[in-house]
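Note that the coordinates shown come from a computational prediction; the quantities given were computed from them, not determined experimentally.
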Amino acid sequence: MTTERYNTREAEPRWQAAWNDKRLFETAADDGRPSYYVLEMFPYPSGRIHMGHVRNYAMGDVVARYKRAKGFSVLHPMGWDAFGLPAENAAMEKKVHPKVWTYDNIAAMRDQLKSIGLSLDWSREIATCDPDYYAQQQRLFLDFLKAGLAYRRKSKVNWDPVDNTVLANEQVIDGRGWRSGALVEQRELTQWFLKITAFSEDLLAALDELPRWPEKVRTMQKNWIGRSEGLSIRWEIVRDAAHGGSPTREIEVYTTRPDTLFGASFVALSPDHPVSAACAECEPELAAFIEECHRAGTSAAALETAEKKGFDTGLRVRHPFDPDWELPVYVANFVLMDYGTGAIFACPAHDQRDFDFATKYGLPIVPVVAPEGTDPEALIADGAYDGDGRLVNSRFLDGMTVDEAKEEVARRLEAETLDATPVAARKVNWRLRDWGISRQRYWGCPIPVIHCDACGVVPVPDDQLPVLLPEDVSFDRPGNPLDRDDSWRNVPCPTCGGPAHRETDTMDTFVDSSWYFARFTAPRAGTPTEPAVANRWLPVDQYIGGVEHAILHLLYARFFTRAMKATGHVGMDEPFAGLFTQGMVVHETYRDADGQWVAPAEVRVAEADGARGAVRISDGQPVEIGPIEKMSKSKKNVIDPNDILETYGADTARWFMLSDSPPERDVVWSEAGVEGASRRVQRVWRLANEAAAKGALKGAAAPAEFSEPALALRRAAHGALARVGEGIEKFHFNVCVAASNELTNALSQALQGDAAVGEDMAFALREAAEILVLIVAPFAPHLAEECWAALGHETLVAETPWPEADPALLASDVIVYPVQVNGKKRDEITVPVDADAAAIEAQVRALEAVARAIGDKPIRKVIVVPRRIVNVVA
RNA sequence: GCGGACGUGGCGAAACCGGUAGACGCACGGGACUUAAAAUCCUGGGCCGCAAGGCGUGCGGGUUCGACUCCCGCCGUCCGCACCA
């Protein structure tokens with residue numbers, strides 16, 4: 001037995017160099033092989049990779065290496081999502097230019113990623129902050145502008161008056177800027193939008209044609225897009241406010257429950273509704289109420305718990321079905337301006353919000369829907385009823401089902417008119433809004449337009465692209481450096497030559513990641529894509545990343561692909577045919593007696609008397625073991641991949657990431673688990689060397705006859721081979737690892753003892769070792785190369801085809817039938833595969849265990865399920 | 001509140017289409033090798049029970065010769081969205 005150990009630190013860089021020298025992972029030109037595009041979500045260059053990256057890229061690499069071995073032409077590129085706020089923060093805090101900071105980080109992370117041994121085509125590397133990349137993004141933007149898919153409008157934004165910048169919703173904490181702590185204002189700014197709503201219907205419908213996406217993600221997108229069918233109803237204003245009044249003669253509301261119209265008790269307006277504003281002009285108390293709503297509205301926490309509040313405007317509207325029925329109009333804090341028409345009619349009996357409101361202000365609550373045989377009043381005794389039923393208290397609707405009543409109301413109101421136009425119209429409403437992409441930031445892709453007083457918004461002409469970011473900027477003052485850089489900002493108008501200025505907003509960084517997968521297919525092209533090449537590779541066959549991008553990134557990318565199709569850059573609608581969302585890497589947390597977090601590296605965990613305990617290594621003080629949580633700096637439960645790679649090597653880290661836990665679930669990182677993976681790596685290496693010494697020579701012919709032990713080993717090898725291939729196709733990597741472990745165990749068994757082996761076993765040993773090496777290769781590629789060389793090969797595993805499992809060895813010539821009596825297993829019998837049911841039954845009836853189990857009852861039936869099981873019914 | 005997912009040994013988990021529940025691994029026990037340890041190898045184990053046997057996939061029902069798997073009703077955990085009319 002060999003006592004040496006496999007030296008990962010020496011071997012891994014050596015094999016990486018070997019792959020690199022042969023340029024094995026650079027994607028070949030179209031050579032007629034079927035193509036396969038594997039992509040993992042590209043990282044933000046924070047400066048260090050984390051364990052989540054290792055897991056994500058290990059999964060992608062398994063697929064890439066497997067598909068390559070299966071004969072596909074594989075595209076597996078890597079790049080950097082390199083624009084964004086952290087670079088500007090670093091510039092402010094550390095006085096480093098964002099560009100320098102970003103490219104330094106990229107260099108550091110590239111080295112780290114390369115040490116993992118991923119089969120990436122580095123020749124296609126892109127960073128979204130490369131002028132080459134964002135130049136093409138500017139072309140796309142201008143094409144979208146021309147196609148009407150980009151436009152400018154006024155929009156409310158969160159404005160931080162101290163930092164002079166716009167904040168995203170998630171950057172506003174309790175109504176204050178996350179950085180400055182200043183009270184955030186709502187400001188109207190003119191912003192650029194991309195018209196994602198142009199594709200609402202298609203983005204929704206096409207989700208049903210993405211069978212290889214997780215159901216969860218499709219559902220989340222469906223909810224986000226939020227299609228609803230309803231009726232838009234115009235209510236005539238019959239009495240104006242005491243002083244002043246409404247600018248219009250009517251109020252339009254949107255409802256999905258027109259059937260409840262006879263249960264209407266009031267109309268409610270959003271505080272931002274134009275009619276609310278008009279009424280407020282002569283009604284200081286109302287103005288104050290609206291102001292209060294705005295203040296409360298900035299805090300998400302306040303919104304959740306906010307009490308329903310309203311203010312009677314004094315306006316009265318006429319019920320569409322009854323000229324004598326007048327309803328009050330309130331301004332209510334729970335009505336949203338940007339959904340529907342910003343106004344609703346309220347039916348308290350069948351909507352909980354309306355119910356709360358009506359209860360508070362003493363408004364009527366009339367039930368109009370109830371299941372047959374129930375008391376409508378009792379139904380709403382302690383809350384709104386939103387279930388199904390038949391109409392009551394509703395005149396001509398009485399007795400109808402909800403659906404019938406909806407249809408009847410729509411039909412009648414479409415026919416009625418108010419001021420010569422129909423009172424109501426059927427309407428489909430969407431929750432999805434257009435995508436605001438303006439950011440008042442430096443480190444992003446400049447929006448390539450010029451503002452001219454005479455000509456308006458002028459696109460930057462193609463020969464003046466790209467609009468490059470100026471490099472000489474300072475971050476010592478708040479606000480957008482582009483805005484105060486006159487030499488960059490002031491330019492002549494491309495149309496009239498007069499004085500003009502550049503757009504100083506840059507694009508949301510989600511734009512950058514909305515098309516990078518397409519750019520990878522022709523990363524150096526002078527146009528955004530080369531359509532013929534893009535069409536060969538896209539859609540991405542397998543995309544892998546975290547669920548946290550289920551909505552925004554994935555929805556934006558789906559929109560972008562459609563917009564790029566509309567502008568002639570690609571030929572398909574969907575960017576990702578297959579999507580896999582992997583779970584997080586989590587770790588135990590530790591706290592000392594003072595409640596301070598302690599890092600895993602400072603802790604020693606030991607088991608004593610069956611209970612796990614932990615102490616701090618430095619002072620031996622006990623440390624409390626806390627819950628397992630996502631790795632985060634604040635809780636200090638972070639494992640640095642660098643430490644792992646140095647101690648155990650890349651293969652161990654990769655192997656561990658893919659063992660045990662199913663890929664879609666969280667994986668708990670533990671020291672013991674890594675140690676285990678490391679032992680497996682060493683064991684495979686040892687067994688491969690032993691098999692090389694004891695097994696047949698490379699390329700030896702198969703003997704005609706195999707003894708039972710040799711045959712068993714061959715079956716184990718081919719069985720594992722089949723299971724691993726199947727497992728990879730289905731993303732069951734943990735099952736693949738288990739299958740390769742089983743083969744490792746079988747090989748180890750066969751290698752026991754010092755006796756020389758026969759020709760048949762020698763052949764089986766080599767065959768099993770080679771299969772083991774090849775099926776382990778996608779998971780632990782360096783190890784595989786080392787073993788492959790030990791087995792006498794001069795070629796690389798990375799260029800070796802995936803072996804075919806021999807079907808004859810997947811099936812045994814005998815079958816073990818479990819024998820049940822009344823569904824409980826009592827015995828088992830072994831019969832030849834071709835044994836017929838009658839013979840099996842006879843054998844089972846004769847079993848002593850069967851007789852014992854049935855006692856003196858007669859056998860009623862014997863069920864023989866071919867190749868599966870026998871059940872005796874007594 | 002709405003929507004979705006999940007619940008199997010001490011732990012992570014596996015189980016094809018309804019057919020031997022617990023593969024594989026972690027941790028643990030016993031043994032071999034060793035002056036000793038590490039490493040390695042062998043070996044044990046769902047639970048209760050001396051055993052025969054019984055009980056076991058969150059709980060309660062149902063369908064079936066047979067249910068982790070299908071159906072109905074609960075309980076629990078996690079995730080997403082959230083005043084969307």
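- For the P atoms, the distance linking B:rG45 with B:rA51 amounts to 13 Å, nearest Å.
- Base contact: A:Val865 has a heavy atom under 4.0 Å from a base atom.
- Atom name C1', nucleotides B:rU77 and B:rG58: the rounded distance is 11 Å, in whole Å.
- At whole-Å resolution of the value, CD in A:Glu828 and C1' in B:rG19 are 14 Å apart.
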Exercise for the section: Please report the C-alpha distance between A:Asn637 and A:Thr589 in whole Å, then the side-chain angles of each, then the deciding distance to 0.1 Å, and finally whether the side-chain hydrogen bond (donor to acceptor under 3.5 Å, both in side chains) criterion is met. Expected result: CA-CA 6 Å; A:Asn637 61 337; A:Thr589 49; 5.8 Å; no
Exercise for the section: For RNA chain B, just give me the dot-bracket, please: Watson-Crick or G-U, both distances below 3.5 Å, ( ) intra-strand, [ ] crossing earlier pairs, | paired with another strand, . unpaired. Expected result: (((((((..(((......[....))).(((((.......))))).(((....)))..(((((..]....))))))))))))....
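- Proximity of the aromatic rings of A:Phe357 and A:Phe266 is defined here by a centroid distance below 6.0 angstrom, and this criterion is met.
- Here, B:rG53 and B:rG19 have their P atoms 27 Å apart, quoted to the whole Å.
- Side-chain proximity of A:Arg686 to the nucleotides B:rC79, B:rC41, B:rA23 is greatest for B:rC41.
- Of the listed nucleotides (B:rC41, B:rA15, B:rA85), B:rA85 has the atom at the smallest distance from the side chain of A:Phe334.
- Checking A:Thr219 against A:Val873, the closest nucleotide of RNA chain B that is more toward the 5' end is the one next to A:Thr219.
- When each of A:Glu629, A:Glu588, A:His587 is tested with A:Lys635 by the rule side-chain hydrogen bond (donor to acceptor under 3.5 Å, both in side chains), just one qualifies, namely A:Glu629.
- Remark: P of B:rA23 and CG of A:Asp660 are 13 Å apart, rounded to the nearest angstrom.
- Of the candidates B:rC41, B:rG4, B:rA85, the closest approach to any side-chain atom of A:Thr255 belongs to B:rA85.
- Look at B:rC68: its glycosidic torsion is beyond 90° from 0, and that puts it in the anti range.
- For A:Arg679, the side-chain atoms get nearest to B:rU40 when compared with the rest of B:rU40, B:rC42, B:rA15.
- To the nearest whole angstrom, the two P atoms, one in B:rA13 and one in B:rC78, are 16 Å apart.
- Between the CG atom of A:Leu336 and the P atom of B:rA85 there is a distance of 10 Å, given to the nearest Å.
- Position along RNA chain B of the nearest nucleotide to A:Glu675 versus A:Gln820 favours A:Gln820 as the more 5'-ward residue.
- Across all strands shown, A:Arg826 has heavy atoms under 4.0 Å from sugar-phosphate atoms exclusively, and none from any base.
- Residue contacts shown for A:Val253 are absent, as no nucleic acid heavy atom lies under 4.0 Å away.
- Rounded to a whole angstrom, the distance from the C1' atom of B:rU63 to that of B:rU69 is 14 Å.
- Checking B:rC83, B:rG19, B:rG25 against the side-chain heavy atoms of A:Asn333 singles out B:rC83 as nearest.
- A close approach under 4.0 Å does not occur between any side-chain nitrogen or oxygen of A:Arg218 and OP1 or OP2 of B:rG80.
- Side chain to side chain, A:Asp356 and A:Gln352 meet the donor-acceptor criterion of an N or O pair below 3.5 Å.
- Because its glycosidic torsion is more than 90° from 0, B:rG12 is reported here as anti.
- Of the N and O atoms on the side chains of A:Arg860 and A:Asn822, not one donor lies less than 3.5 Å from an acceptor on the other residue.
- Comparing B:rG62 with B:rC47, their P atoms are spaced 30 Å from each other, to the whole Å.
- Distances were taken from every side-chain heavy atom of A:Asn223 (C-beta onward) to each of B:rG19, B:rA85, B:rG3; the shortest belongs to B:rG3.
- One interatomic measurement links the two molecules: CZ of A:Arg683 to C1' of B:rC24, which rounds to 12 Å at whole-angstrom precision.
- The residue A:Lys825 sits close to a base: some heavy atom pair falls under 4.0 Å.
- Here the separation of B:rU57 from B:rG22, taken at their P atoms, is 14 Å to the nearest Å.
- Going from atom CZ of A:Arg680 over to atom C1' of B:rC24 covers 8 Å, rounded to whole Å.
- Across all strands, A:Asn871 comes closer than 4.0 Å to base atoms (heavy-atom distances).
- Of the candidates B:rA13, B:rC41, B:rA23, the closest approach to any side-chain atom of A:Arg665 belongs to B:rA13.
- Counting non-hydrogen atoms under 4.0 angstrom, A:Asp338 reaches nothing in the nucleic acid.
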Handout entry: Step-by-step side chain to side chain contact (heavy atoms under 4.5 Å, CB included) determination, A:Thr744 to A:Val684
Key = CA-CA 7 Å; A:Thr744 309; A:Val684 168; 4.1 Å; yes
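- At the heavy-atom level, A:Glu215 lies nowhere under 4.0 Å from the strands shown.
- Remark: the separation of the P atoms in B:rA67 and B:rC75 is 26 Å, to the nearest Å.
- A distance-only check finds a donor-acceptor pair linking the side chain of A:Arg654 to the backbone of A:Phe779 [under 3.5 Å].
- Residues A:Asn429 and A:Ser228 have side chains that never bring a donor and an acceptor to within less than 3.5 angstrom of each other.
- When distances are taken from the side chain of A:Gln752 to each of B:rG3, B:rC41, B:rA85, the shortest belongs to B:rC41.
- Side-chain contact annotation: A:Arg683 with A:Ser748, donor-acceptor N/O pair under 3.5 Å present.
- Using a 4.0 Å heavy-atom distance criterion, A:Arg860 is classed as making no nucleic acid contact.
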Practice task
Give the C-alpha distance, both sets of side-chain angles, the deciding distance and a yes or no for side chain to side chain contact (heavy atoms under 4.5 Å, CB included) between A:Arg257 and A:Lys406.
Solution key: CA-CA 7 Å; A:Arg257 292 298 301 272; A:Lys406 281 181 180 172; 4.0 Å; yes
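- With hydrogens and angles ignored, a donor-acceptor pair closer than 3.5 Å exists between the side chain of A:Arg868 and the base of B:rC16.
- Looking at heavy-atom distances under 4.0 Å, A:Lys222 makes no contact with the nucleic acid at all.
- Distances from the side chain of A:Val335 to the nucleotides B:rA82, B:rA13, B:rA85 place B:rA85 closest.
- Of the candidate nucleotides B:rC81, B:rA85, B:rA14, B:rA14 has the atom nearest to the side chain of A:Val735.
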